[in-house]
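Before any comments, here is the structure.
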Protein chains: 2
Amino acid sequence: MPRRVDHDERRRHLTAALLRIASTRGLQAVSMREVAAEAGVSLRVVQYYFTDKRTLMESGIAELAARLDRRVRERAGALGTGLPPRTVLEVVLGAILPTDEDSRADQLAWTAYYAAGLTAPAEAVDGRYAPDALERWLTGVLARAVEAGDVPADIDPRIEVVGLLALTNGLVSSVLGRQRDVDDALRVVRYRLDRLFGPTAD
Amino acid sequence: MPRRVDHDERRRHLTAALLRIASTRGLQAVSMREVAAEAGVSLRVVQYYFTDKRTLMESGIAELAARLDRRVRERAGALGTGLPPRTVLEVVLGAILPTDEDSRADQLAWTAYYAAGLTAPAEAVDGRYAPDALERWLTGVLARAVEAGDVPADIDPRIEVVGLLALTNGLVSSVLGRQRDVDDALRVVRYRLDRLFGPTAD
DNA sequence: GGGATCGGGATACAGTCGTACCACAGGAAT
DNA sequence: ATTCCTGTGGTACGACTGTATCCCGATCCC
């Protein structure tokens, strides 16, 4: 059989299998054997590329964080710089919402990891995804909007952004739970932005 | 040995033990044996009062829903009727945030159940907690505030309330994850209400 | 007083889990 | 050509799981 093997490629394959299980059957359905079966390999292979289950799980959350981060970064980057702040906010917040099946699956897995981390501080989600960075970035964007007069001068950019991010997270949760669909969630976000930026000059 | 036993009391005791485990060590740490140990009884007793594990778990989420509901209802009720809408909203949303150790524990358990329900549709959280009822109630409150002129006439009470509830849920999540403390979260909620109700006539 | 029933102690069973270990095929290095 | 190392199949072990079964002390009904 194949001699020299690309370990990274192998690991990505297994990690993808792990996340597929996590997003469809939950984190408690993730066992080394299940991952092996999902990836179409033997248990030994999973053991070989991830010595521990802990290592395996960490690989899962790392990949997840990378995916979510990439999704936001891609959409923001695809629009270039110099966009109106209102557009930046809408695009970034919209990128967080689970708009297609892939992002829905990732957000499901992310939620599972987050919940697990809440009651297992050791393996917490921590600053992996670094929402703080996002928070700081958007706060800067909004602060510039204040200076430009796009937005009432008496707002607090920091608290506005914290609120917008919390709002979006809350909407994600309700979309995942199917209490609301994505379009409704987007409508709520746009409504908030409309009220923040005044009458829409759309 | 005690002969006739209060089954409901027994079940409440066991359910409390279950929730204690769920909120500290997570839902995956909940086994019949662990619940028995936490409650100081034998495995057989847990089996006796909850034939299934499924039954046990359902008792847990039912109790949780009752607690969260009671918390909101108590605080709102303690203030009587005829309060200004702004106060009602602040009190109700504040009652959702985990302000003390008990409510924090309950929200942790709730989050665990919610996450589990997302990937196990069969035993989903469903309409148990009925946030829809809350949503409708608050929408009515806000609609009356519009009529009374306490609030800009061009707002959409329904979307405002959906946004406020999503915001609060998002804040709960970040408070549980210790990215923010409760006071910060309360500040964000009050800030939003200030912007909604205009200059605070505090 | 004698069943019958309730409450619960003890233990067993089959399954799944993470992990460890042994064996071995086959290219790499010498 | 021999040796060594890498990748993988198979399997075993001990811990834990939910569930089932057997048993018995105590109280209630008659």
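Order of the sequence lines sets the chain letters (A, B, ...), proteins ahead of strands, with each chain counted from 1. Since this is a predicted model, take the numbers as computed values, not measurements.
- In this structure, Met32(B) places its CE atom 9 Å from C1' of dT19(D), rounding to the nearest Å.
- One can place CG of Asp6(B) at 16 Å from P of dC6(C), the figure rounded to the nearest angstrom.
- A salt bridge is absent between Lys53(B) and Glu58(B): the closest approach of a Lys/Arg side-chain nitrogen to an acidic carboxylate oxygen does not fall below 4.0 angstrom.
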Polar atoms only, N or O, under 3.5 Å: list the protein pairs with nucleotides 13-16 of chain C and their distances.
none

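- Residues satisfying the side-chain hydrogen bond (donor to acceptor under 3.5 Å, both in side chains) criterion with Arg20(B), sequence neighbours excluded, are Glu38(B).
- Rounded to whole angstrom, the span from the CG atom of Leu56(B) across to the C1' atom of dT17(D) amounts to 14 Å.
- Residues Gly94(A) and Arg75(A) approach most closely at O-NH1, 4.4 Å, considering heavy atoms.
- Taking atom CG of residue Leu27(B) and atom C1' of nucleotide dT17(D), one finds them 15 Å apart after rounding to whole Å.
- For residues 49-74 of chain B, every residue pair satisfying the ring pair (Phe, Tyr, Trp, His ring centres under 6.0 Å) rule, not counting sequence neighbours, is listed here: His7(B)-Tyr49(B).
- For the pair Arg104(B) (side chain) and Leu176(B) (backbone), a donor-acceptor distance under 3.5 Å is present.
- As rounded to whole Å, 17 Å separates atom P of dC17(C) from atom CG of Asp52(A).
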Would you mind writing out the side-chain donor-acceptor pairs for residues 162-169 of chain B within the sub-3.5 Å range, not counting sequence neighbours?
residue	atom	partner	partner atom	Å
Thr168(B)	OG1	Leu164(B)	O	2.7

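- Partners of Asp106(B) by salt bridge (charged side-chain N to carboxylate O under 4.0 Å, His left out), not counting sequence neighbours, listed by chain and number: Arg67(B), Arg71(B).
- A heavy atom lying under 4.0 Å from DNA chain D marks the following residues of residues 39-48 of chain B, by number: Leu43(B), Arg44(B), Gln47(B).
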- Message: Please evaluate residues Asp154(A) and Arg195(B) with respect to the criterion salt bridge (Lys or Arg N to Asp or Glu O under 4.0 Å), reporting the C-alpha separation (whole Å), side-chain torsions for both, the decisive distance (0.1 Å), and the verdict.
- Response: CA-CA 10 Å; Asp154(A) 63 338; Arg195(B) 308 243 18 125; 3.4 Å; yes
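- Per the geometry, CZ belonging to Phe50(B) stands 16 Å off C1' belonging to dG18(D), to the nearest Å.
- Asp8(A) places its CG atom 16 Å from the C1' atom of dG7(D), with the value rounded to the nearest Å.
- Following rounding to the nearest Å, Glu34(B) (CD) and dA15(D) (P) show an atom-to-atom distance of 16 Å.
- At least one donor-acceptor pair under 3.5 Å links the side chain of Tyr113(B) to the backbone N or O of Met57(B).
- A close approach under 4.0 Å does occur between a side-chain nitrogen or oxygen of His7(A) and OP1 or OP2 of dG7(D).
- Note on Tyr49(B): only backbone sugar-phosphate atoms sit closer than 4.0 angstrom, heavy atoms only; bases stay farther off.
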